[in-house]
Number of protein chains: 2
Amino acid sequence: MNKRTKLKDIADQLGISITTVYRALNNKSDINEETKRKILDLANELEYRPNSLAISLRKNKMIPLVGVILPIINHYFFATVLKGIMSNAHLHNSLIIAGESLQDPTKEKRILDQFMDQGVSGIIMAPARNSNFEKNIIPLLHKRTPIVIIDRMYDHYKGNYVLTDDYGGGYKATQHLLDNGYKRIAHIGSTDDKSIGTERRKGYVAALNDAGIFPKEEYIILSDIDNPDTTIEKGYEAAAILFKLKNPPDAVFAVTDDIAIGVIEYAKENNIFIPEELGIVGFSNSKMSNYIRPRLTTVEQNGFKMGQLAFDYFSKASSSYGEVFQKTFDLDLIIRESSLGKK
Amino acid sequence: MNKRTKLKDIADQLGISITTVYRALNNKSDINEETKRKILDLANELEYRPNSLAISLRKNKMIPLVGVILPIINHYFFATVLKGIMSNAHLHNSLIIAGESLQDPTKEKRILDQFMDQGVSGIIMAPARNSNFEKNIIPLLHKRTPIVIIDRMYDHYKGNYVLTDDYGGGYKATQHLLDNGYKRIAHIGSTDDKSIGTERRKGYVAALNDAGIFPKEEYIILSDIDNPDTTIEKGYEAAAILFKLKNPPDAVFAVTDDIAIGVIEYAKENNIFIPEELGIVGFSNSKMSNYIRPRLTTVEQNGFKMGQLAFDYFSKASSSYGEVFQKTFDLDLIIRESSLGKK
DNA sequence: TAAGTTTCCGTAAACGTTTACGTAAATTTC
DNA sequence: GAAATTTACGTAAACGTTTACGGAAACTTA
């Protein structure tokens, strides 16, 4: 394995200076065409490849580099958040260095460290499901690293964030089912008590309570929805449990569109008519929700806007110390067929 | 806006040498505990972070920063490719800097330049629809930047790539429709003649020809599918055109699952029964394809594997000069309800 | 107390590229 | 044909970290 050629190798072989070689390879002026040709030929032969490390070091370019960490990169919502971040980053000539925590706080921490070592100017992140804020995120604040949190909250966090009103979304969804005549409204949520699912569940409970209803424990099924590739199956399984109850529900508010779709799957296979026998509301307004039959009523979550705003906040936070930027997006219900009401 | 602290800053403030500071910060021997403490304290206060560029340069280790450019970041296939790239990058302690070209060659070029300026060690990219290889990609080869192309090809490109056999996929899909008794097989493709759609269309034509059929021009509809948010609508519109023909087709091979779903939409609204009256095959095995009714027969494209391999190739290309790595993945047909054959 | 041993720190040269500056030789200008 | 300009190169010092080497001062040993 012969070593990688550098400018000096070419210079030595041709008996000229490094600078001249440099000029030839970078289309600089002050060089003879003949010399240039010889240099380019030799560079070609020796397969010269510039050392980007040395270049960056010399140029002192630790460019505007923003670290973005998301739990699942090929999840539509998060991918769209990333798209939103990028769209604004592009306008500011910022570069995005991306990582996927796969909902693993340890991995998340590792990525954060890598990013900081790499010299990112700050972090925009949607924390992992049960991310350790104290260990992973708070230390960054102490180091005055600009950071914007997306989509998930932690009680003692007082920094910048862009959230959605998950509580309100859960409330609206449940209220909507009540308004459409459903009485026995079940909920399929996430096992994780730190997830945003908790807020949606609280909204669900609150809406029921406000209507004088106190949901039975058996109507609330918590499911492990860590793996996005199996979420639909989890919805299916949860539905199976619900419909084996003595007194099955007549509506389901699912914490996720995918879960809701799993429920629809189950209902179809078991000849349970939607929305006549079963009303369903999901969460996210995923692409699929509009094309499954019946079309799924869902709560809209605009990832693109959230991403854009997150980058804006990041920008501001980077240039002004002390100031804090926070926003909670209201969520709108998108009413479609799956919750049209009982016959 | 104060500059990033370096060893020299700490050394100067304490009136000691850089080497001593280095020793303190790296747990080396030959240092007094008292001195060490002072250095660590100051380093903490000044928020010292080692310059990874300088470290890697001195240690002769390439910095593991890979630029990834994709046409559409929140498209499931591309997002999954990204996930695959990341999964392997993670194993190699590589970092991913990501950009979205939005199918715009100008933007693509700009991102490439930004990435090179930032000192990425190379590029993995799925070129934009009508990317200008000569202008955007070939120059990188001349600079000996390691590069791996995904998903799209250009005749004169002789470098590393990871492709799918789109021609074969189109052939298989069409053949499958023929095998199931469909005779008048239409195709909805992409307007862009440089896109992968062309290969799929060629496969379609070839399969028909091999069966002694020469498709009418009116059975091939090309649609502008640039915007992923409207692709389904485009499929719907194309179907509308097809079914207003005097002699409408009895099957459609769509260049994309989303297009196929648009066709299904149209069929449902117009009481055209699938698969009895109309067979449909899509392309991509998108998540949705398995949950739309009827379930969509489609050609599987394993983005995750492609991403992983792309990173592997990138790794190899970075350390071995001259060698070229190329792979074309065979595509499997996933047979579901939408093409079960005529009654 | 002279010689040997630690302890602690500094000097200077790398890593590969970029760039300000300098300067012979060749060319142009008047 | 002397002066001014241009052409085509070279020198050396950066960028921030690492490391081989050397050497005073403090401490030990006989």
Side-chain angles (χ1 to χ4, degrees), chain A residues 2-40 42-43 46-63 65 116-120, chain B residues 2-40 42-43 46-65 116-122 143-146 318-319 321:
Chain A
N2 30 5
K3 298 201 73 173
R4 184 177 175 132
T5 22
K6 49 192 176 188
L7 294 182
K8 189 171 188 309
D9 299 331
I10 300 176
D12 287 352
Q13 278 197 44
L14 293 177
I16 57 180
S17 79
I18 291 179
T19 309
T20 303
V21 177
Y22 169 77
R23 280 193 268 252
L25 292 172
N26 291 70
N27 278 319
K28 298 286 177 185
S29 53
D30 288 355
I31 188 165
N32 180 287
E33 278 304 323
E34 167 71 8
T35 317
K36 185 170 181 173
R37 205 189 40 71
K38 276 198 287 189
I39 294 173
L40 290 179
L42 185 57
L46 297 181
E47 289 172 339
Y48 169 75
R49 200 180 284 173
N51 181 326
S52 53
L53 288 181
I55 297 175
S56 303
L57 176 61
R58 169 62 224 229
K59 290 192 172 168
N60 226 333
K61 271 193 177 170
M62 278 306 209
I63 293 194
L65 192 58
M116 294 312 291
D117 288 347
Q118 191 57 234
V120 296
Chain B
N2 29 6
K3 300 198 73 173
R4 185 176 171 134
T5 28
K6 48 191 177 189
L7 293 182
K8 189 170 188 309
D9 299 331
I10 300 176
D12 287 351
Q13 277 195 45
L14 293 176
I16 57 181
S17 80
I18 292 178
T19 310
T20 303
V21 177
Y22 170 77
R23 278 192 269 254
L25 292 172
N26 292 70
N27 277 320
K28 298 286 176 184
S29 54
D30 288 355
I31 189 167
N32 178 288
E33 277 304 324
E34 167 70 8
T35 317
K36 184 169 180 173
R37 206 189 41 71
K38 276 199 286 189
I39 294 173
L40 290 179
L42 186 57
L46 296 182
E47 290 169 348
Y48 170 75
R49 267 187 183 279
N51 181 325
S52 55
L53 289 180
I55 295 176
S56 305
L57 176 61
R58 170 63 222 231
K59 291 191 171 167
N60 241 325
K61 272 189 184 170
M62 271 313 269
I63 226 190
L65 189 59
M116 296 310 292
D117 287 348
Q118 167 68 7
V120 296
S121 57
K143 288 191 176 174
R144 311 185 184 311
T145 308
S318 299
S319 52
Y321 310 126

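Computed from heavy atoms alone, side chains included, the values below leave out hydrogens, waters and symmetry copies.
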Atom pair distance, as rounded to whole Å: [atom1] in [X] and [atom2] in [N]:
X       : N      : atom1 : atom2 : answer
B:Leu53 : C:dG16 : CG    : P     : 15 Å
A:Tyr22 : C:dT18 : OH    : P     : 4 Å
B:Arg4  : D:dC15 : CZ    : P     : 15 Å
B:Ile18 : D:dC15 : CD1   : P     : 10 Å
B:Leu7  : D:dC15 : CG    : P     : 13 Å
A:Lys59 : C:dG16 : NZ    : C1'   : 13 Å
B:Asn26 : D:dG16 : CG    : C1'   : 13 Å
B:Ile31 : C:dG10 : CD1   : P     : 9 Å

Can you check whether any acceptor in the base of [N] is under 3.5 Å from a donor in the side chain of [X], or vice versa?
X       : N      : answer
A:Arg58 : C:dT17 : no
B:Thr19 : D:dT19 : yes
A:Arg49 : C:dG16 : no

Task: Side-chain heavy atoms of A:Leu14 within contact of A:Thr20, under 4.5 Å - done: no
Open item on the list: A quick test of your reading: do over 12 heavy atoms of other residues, nucleotides or ligands sit less than 6.0 Å from NZ of B:Lys36?
Closed with: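 Check passes, neighbour count above 12.
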Sugar-phosphate only, base, or nothing, as touched by [X] at under 4.0 Å among non-hydrogen atoms:
X       : result
B:Asp30 : base
B:Ser29 : nothing
B:Ile55 : sugar-phosphate

- [ ] Please name the pair of heavy atoms, one in A:Leu40 and one in A:Ala24, separated by the smallest distance, quoted to 0.1 Å.
- [x]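 Smallest interatomic distance, heavy atoms only, reads CD2-O, 4.0 Å.
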